[in-house]
Amino acid sequence: MPLVLHNTLTRRKEVFAPLDARRVRMYVCGPTVYDLPHIGNARPVIVFDVLYRLLRRLYGAAHVCYARNITDIDDKIIARAKETGEPIRDLTERTATIFHEDVAALGTVPPDIEPRATDHIPQMIRMIETLIASRHAYIADHHVLFAVTSMSDYGRLSRRSRDEMIAGARVEVAPYKRDPADFVLWKPSAPDQPGWDSPWGRGRPGWHIECSAMSEAHLGETLDIHGGGIDLIFPHHENEIAQSVCAHGGRPFARYWLHNEFVVVEGEKMSKSLGNFLTIRDVLAEAPGEAARYAMLMSHYRDPLDWTADRLTEARRALDRFYLALRQAEAPVPAAGDAPQGVRAALEDDLNTPLALAALHDALGALNKAGNTAEKARLKAELLAGGALLGLLQQDPQAWLQGGGEASEIDALIAERNAARRARNFPRADDIRTRLAMRGIVLEDKPDGTTDWRRAT
RNA sequence: GGCCGGAUGGCAGAGUGGCUAUGCAGAGGACUGCAAAUCCUCGUACAGCGGUUCGAUUCCGCUUCCGGCCUCCA
């Protein structure tokens, strides 16, 4: 089965064929580091992590190059630093570190490259110079602006005509723009703002140019896949296309555009004013990162997702079941199994993760029903390989089921209870079990007389 | 106002022009000292109204409702 992906450019599923199967190139818009990453930020990180895992499986890990940028110069960053008094560099470094910790907890593989905007100012300046030279950009009032009318099919990705953009605009148009739809490539910096010397004076880049320059620097002129949240289609991705295509003599920028839908929380859009702004840290305080990841994968990436407490609990329960089966199947694991066919087929059909999870449940049922140890070993390996493709089930089952801590005390109580059971003192045995249950510990007596335990969910 | 999405059983969530996933919750059974876990069985759902069709939840149109973008935003 070929890999099929939904391309925003055509609004259709298309068979994916990379330009060069020995170097599959994917670029995803990463965070602007000025605040704690929220659950909405987690969605593209997880979704494109699954795609990255799948591409590596299909083309070989050495033949996929995934870049996810960090925007560490931006007006929001400047504003935040000014507000709190924290130096900009401290703010961006601190926030980037938190981002890395959070997404690692969500079980994501780090991208091959994580370019930072401030490390690519010369490339941005060069690209802007090229655009000016080819008359796609102009200088006005110390700004450099992209001339939207210089590009005939501007608006193709978002399917918006220039007239529509202007008609819908709710912000005042800066007087120095030749056309209301023109956007900034470079803007001047006040003395108290960060800035770099450029042919147009001391200033800083506009947001859109960063991604164009960084993707060119690391992945070349034409990408296979460009991903991001659906809200970035316009204007960010539209403008990236304009910059890159015009700077590259009309050659295409990205061949497949993938966009994930939004996350709402308990049925409402996240916003600071509503007080339902849910950070990844908030979620990690409630449940393990793997549960959050599972909860995210329960919906298809192109469908809106309602993040609720129930969803997180359901994800946890589902993982309990998987890890229970994995703990029970102590059979030795063969070196490497292949993911269940159903899991692969689902993912290859435009990353249908809910269907892939259903296929993983099928594999779970098969493992639970398996008779002999050889079959158990094979099915366990298959289940683990399927989990690996989704970034799930990779931890030690005991670690998942028992969490950290106090095992020795629980073991002592279990030993006491089993002694009571052997003596057929069931009231005493049940009393111990009840006391453990009140502490959130669930016991499971095995046929051989020993007892396993886990945390209740 | 313009442009996009979406509406599936108690909940979550796939999918399909006729054979109606999967998980959770619920009911019954097997197993167990009793449980837990596991296994077996059970629910016949696709917003409404038209149309196309031998047949539509699936295709088309309209209506209603929900959400997003058009401004920083994943």
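Throughout, protein chains are lettered first and strands after them, A, B, ... in sequence-line order, and every chain is numbered starting at 1. Quantities reported herein were computed from a predicted structural model and do not represent experimental measurements.
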Notebook entry, point to check: Looking at A/Arg12, A/Lys13, A/Arg302, which hits salt bridge (Lys or Arg N to Asp or Glu O under 4.0 Å) with A/Asp350?
Noted result: A/Arg302
Notebook entry, point to check: Which is true for A/Gly40 with a 4.0 Å heavy-atom rule: it touches a base, it touches only sugar-phosphate, or it touches nothing?
Noted result: base
Notebook entry, point to check: Whole-Å distance between B/rG6 P and A/Arg302 CZ?
Noted result: 8 Å
Next item on the list: Sticking with atom C1', work out how far B/rA74 lies from B/rG18, rounded to a whole angstrom.
Entry: 42 Å
Notebook entry, point to check: B/rA25 and B/rG68: how far apart are their P atoms, nearest whole angstrom?
Noted result: 32 Å
Next item on the list: Compute whether any side-chain donor of one residue and acceptor of the other, for A/Tyr154 and A/Asn239, lie under 3.5 angstrom apart.
Entry: yes
Note to self: So A/Arg311, base contact, sugar-phosphate only, or nothing? Heavy-atom distance under 4.0 Å.
What the structure shows: sugar-phosphate
Next item on the list: Name the nucleic acid region contacted by A/Asp75, choosing base, sugar-phosphate or nothing; use a 4.0 angstrom heavy-atom cut-off, strictly under.
Entry: nothing
Item checked: Pairwise C1' distance, B/rG48 and B/rG10 [rounded to whole Å] -> 22 Å
Check: Using the C1' atom in both, what is the distance from B/rU64 to B/rC49, to the nearest Å?
Finding: 10 Å
Note to self: My understanding is that only one of A/Phe183, A/Phe146, A/Trp186 makes a ring-ring contact (aromatic ring centres under 6.0 Å, His included) with A/His208; could you say which?
What the structure shows: A/Phe183
Next item on the list: Could you grab the distance from atom OG1 of A/Thr108 to atom CZ of A/Arg68, nearest 0.5 Å is fine?
Entry: 6.0 Å
Margin query: Regarding A/Val264, tell me which of base, sugar-phosphate or nothing describes its non-hydrogen contacts under 4.0 Å with the strands shown.
Written below: nothing
Checklist line | Proximity to the side chain of A/His361 - top-ranked nucleotide from B/rA74, B/rA14, B/rU22 | finding: B/rU22
Notebook entry, point to check: Could you state the CD-P distance from A/Glu266 to B/rG67, rounded to the nearest angstrom?
Noted result: 15 Å
Check: Contact class for A/Thr313 (heavy atom, under 4.0 Å): base, sugar-phosphate, or nothing?
Finding: nothing
Next item on the list: Can you tell me, in whole Å, how much space there is between the C1' of B/rU44 and that of B/rA21?
Entry: 14 Å
Check: Which of the following nucleotides, B/rA12, B/rC72, B/rA14, is nearest to the side chain of A/His300?
Finding: B/rA14
Check: Touch check for A/Pro304, heavy atoms < 4.0 angstrom, all strands: base, sugar-phosphate only, or nothing?
Finding: nothing
Item checked: Sugar-phosphate, base or nothing in reach of A/Asn352, heavy atoms under 4.0 Å -> sugar-phosphate
Checklist line | Closest to the A/Lys269 side chain, choosing from B/rC69, B/rC4, B/rU22 | finding: B/rC69
Margin query: Suppose you measure atom C1' in B/rC3 against the same atom in B/rU8; what distance do you get, rounded to whole Å?
Written below: 27 Å
Next item on the list: Select one nucleotide: of B/rA14, B/rA12, B/rC73, the one nearest the side-chain heavy atoms of A/Met298.
Entry: B/rA12
Next item on the list: Indicate for each nucleotide in nucleotides 32-41 of chain B, in 5' to 3' sequence, whether protein heavy atoms under 4.0 Å reach the base (B), only the sugar-phosphate (S), or nothing (-).
Entry: -BBBBSSSS-
Margin query: Can you confirm whether more than 12 heavy atoms, excluding those of A/Arg89, are under 6.0 Å from its CZ atom?
Written below: no
Margin query: Among B/rU22, B/rC72, B/rA25, which nucleotide has an atom closest to any side-chain atom of A/Arg317?
Written below: B/rA25
Notebook entry, point to check: How about A/Asp320 and A/Thr457: does a side-chain donor come under 3.5 Å of a side-chain acceptor?
Noted result: yes
Next item on the list: Could you check A/Asp362 against A/Asp231 and say which one's nearest nucleotide on RNA chain B is further toward the 5' end?
Entry: A/Asp362
Check: If you measure from the P atom in B/rA47 to the same atom in B/rU41, how many Å do you get, rounded?
Finding: 29 Å
Note to self: Please determine whether the number of non-hydrogen atoms from other residues, nucleotides or ligands lying under 6.0 Å from atom CZ of A/Arg435 exceeds 12.
What the structure shows: yes
Notebook entry, point to check: Taking the C1' atom of each, how far is B/rC24 from B/rG13, in whole Å?
Noted result: 11 Å
Note to self: Taking 4.0 Å as the cut-off, does a side-chain nitrogen or oxygen of A/Asn41 come that near to OP1 or OP2 on B/rC73?
What the structure shows: no
Check: Is the centre of the A/Tyr301 ring less than 6.0 Å from the centre of the A/His259 ring?
Finding: no
